[in-house]
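Single-structure report; data block below.
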Amino acid sequence: MYNLQHIFKTHNFELTNETTKGVEYRHQETGDIVYLLPTKEINLVVNPLSFNVDLSQSDGKVHSTALKYFPKRLNGGKQPISFGYSFKFSTAEALSDFLYTLNN
């Protein structure tokens with residue numbers, strides 16, 4: 001886990017909140033937020049309204065109460081829930097490459 005924290009720090013993201021449902025990182029220059037979700041793979045969720053990233057390359061939408069700063073929409077329930085787009089990575093290096101593209 002330290003390795004991932006170091007990667008986020010290298011790409012100007014600071015840890016702002018950590019729960020059992022996810023780890024929140026805020027970009028120090030833009031203020032944009034991403035979430036790292038606890039799954040078998042490295043699962044990064046980005047806000048659909050921020051960053052210049054091709055969302056068609058994502059692994060799909062993720063709905064979670066952990067994504068507290070993301071937009072909300074109905075997803076089968078009566079109340080809207082926060083959602084974002086998931087990007088899964090098999091290595092820390094792949095995550096680092098992706099975070100690099102978010103910064104440029």
Side-chain angles (χ1 to χ4, degrees):
M1 188 62 150
Y2 168 77
N3 187 33
L4 294 182
Q5 289 177 356
H6 177 71
I7 289 170
F8 279 98
K9 190 173 186 175
T10 300
H11 293 286
N12 295 324
F13 285 89
E14 66 178 328
L15 176 68
T16 53
N17 191 27
E18 187 171 3
T19 68
T20 57
K21 291 185 177 186
V23 181
E24 180 184 284
Y25 289 94
R26 181 182 308 270
H27 193 272
Q28 294 177 4
E29 294 172 12
T30 65
D32 289 325
I33 294 176
V34 297
Y35 290 91
L36 185 64
L37 300 184
T39 60
K40 291 182 182 181
E41 294 177 290
I42 300 168
N43 189 1
L44 184 74
V45 181
V46 300
N47 187 328
L49 304 177
S50 59
F51 295 112
N52 187 15
V53 63
D54 184 2
L55 296 177
S56 69
Q57 300 297 314
S58 82
D59 293 298
K61 291 179 186 157
V62 172
H63 296 83
S64 174
T65 57
L67 312 175
K68 64 183 179 181
Y69 291 107
F70 284 13
K72 294 182 178 187
R73 70 183 208 126
L74 287 175
N75 186 40
K78 293 183 179 183
Q79 297 295 321
I81 186 167
S82 299
F83 78 101
Y85 284 84
S86 170
F87 291 86
K88 295 180 182 174
F89 307 98
S90 57
T91 66
E93 292 76 25
L95 170 65
S96 182
D97 291 344
F98 183 79
L99 290 175
Y100 176 80
T101 63
L102 290 181
N103 284 326
N104 296 309

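For this chain, numbers begin at 1 and follow the sequence in order.
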On a heavy-atom basis, the closest approach of Asn12 and Glu29 is ND2-OE2, 3.5 Å
In short, Ile33 meets Glu24 closest at the heavy-atom pair CG2-CG, 3.6 Å
Heavy-atom nearest pair, Phe70 first then Gly84, reads CD2-CA, 3.8 Å
Would you call Pro80 and Arg73 a side-chain contact if the rule is heavy atoms closer than 4.5 Å? no
Q. Under a 4.5 Å side-chain heavy-atom rule over Ile, Leu, Val, Met, Phe, Trp and Tyr, are Leu67 and Val53 clustered together?
A. no
For Tyr100 and His11, what are the C-alpha separation, side-chain angles and deciding distance, and is it a side chain to side chain contact (heavy atoms under 4.5 Å, CB included)? CA-CA 7 Å; Tyr100 176 80; His11 293 286; 3.8 Å; yes
Decide whether Tyr35 and Val23 are clustered together by the hydrophobic rule: side chain heavy atoms of Ile, Leu, Val, Met, Phe, Trp, Tyr closer than 4.5 Å, transitively. no
Do Leu4 and Leu44 belong to the same hydrophobic cluster, where Ile, Leu, Val, Met, Phe, Trp and Tyr are linked whenever their side-chain heavy atoms lie under 4.5 Å apart, directly or via other members? yes
Asp54 atom CG, neighbour heavy-atom count above 12 within 6.0 Å:
yes
Yes or no on side chain to side chain contact (heavy atoms under 4.5 Å, CB included) for Tyr25 and Glu14, after CA distance, side-chain angles and deciding distance?
CA-CA 5 Å; Tyr25 289 94; Glu14 66 178 328; 6.0 Å; no
Nearest heavy-atom approach of Ala92 to Asn3 is CB-ND2, 3.5 Å
Value for OG (Ser96) from CZ (Phe89), rounded to nearest 0.5 Å, stands at 10.0 Å
For Lys68 and Asn17 the tightest heavy-atom approach is NZ-ND2, 3.4 Å
For His27, the ring-ring contact (aromatic ring centres under 6.0 Å, His included) test, sequence neighbours excluded, returns Phe13
Practice prompt. Please examine the side chains of Phe8 and Leu36, heavy atoms only from C-beta on, and report whether any two atoms are closer than 4.5 Å.
Written response: yes
CG (Leu95) and CZ (Phe87) are apart, to the nearest 0.5 Å, by 12.0 Å
>> side chain to side chain contact (heavy atoms under 4.5 Å, CB included), that's the test. Do Asn75 and Lys61 meet it? Break it down for me.
In response: CA-CA 10 Å; Asn75 186 40; Lys61 291 179 186 157; over 6 Å; no
Item checked: Hphob cluster co-occupancy, Leu99 + Ile42, side-chain heavy atoms under 4.5 angstrom -> yes
| Pair Asn43, Ser86: side-chain N/O donor-acceptor within cut-off below 3.5 Å | yes
Any side-chain heavy atom of Asn47 sitting closer than 4.5 Å to one from Asp32? no
Output for pair (Lys40 NZ, Lys88 NZ), nearest 0.5 Å, gives 11.0 Å
Is there side-chain contact between Thr20 and Pro38, with at least one heavy-atom pair below 4.5 Å? no
- Evaluate the side-chain proximity of Val46 to Leu55: yes if any heavy-atom separation is below 4.5 Å, no if none is. yes
Any Leu49 side-chain heavy atom under 4.5 Å of Pro71 side chain:
yes
Between the CD atom in Glu41 and the OG1 atom in Thr91, the distance rounded to the nearest 0.5 Å is 10.5 Å
To the nearest 0.5 Å, atom OG1 of Thr101 lies from atom CD of Gln57 at 11.0 Å
Between Ser58 and Tyr85 the two heavy atoms that sit nearest each other are OG-CD2, 3.3 Å
Do Ile7 and Leu102 share a hydrophobic cluster, counting only Ile, Leu, Val, Met, Phe, Trp and Tyr and linking them when any side-chain heavy atoms are less than 4.5 Å apart?
-> yes
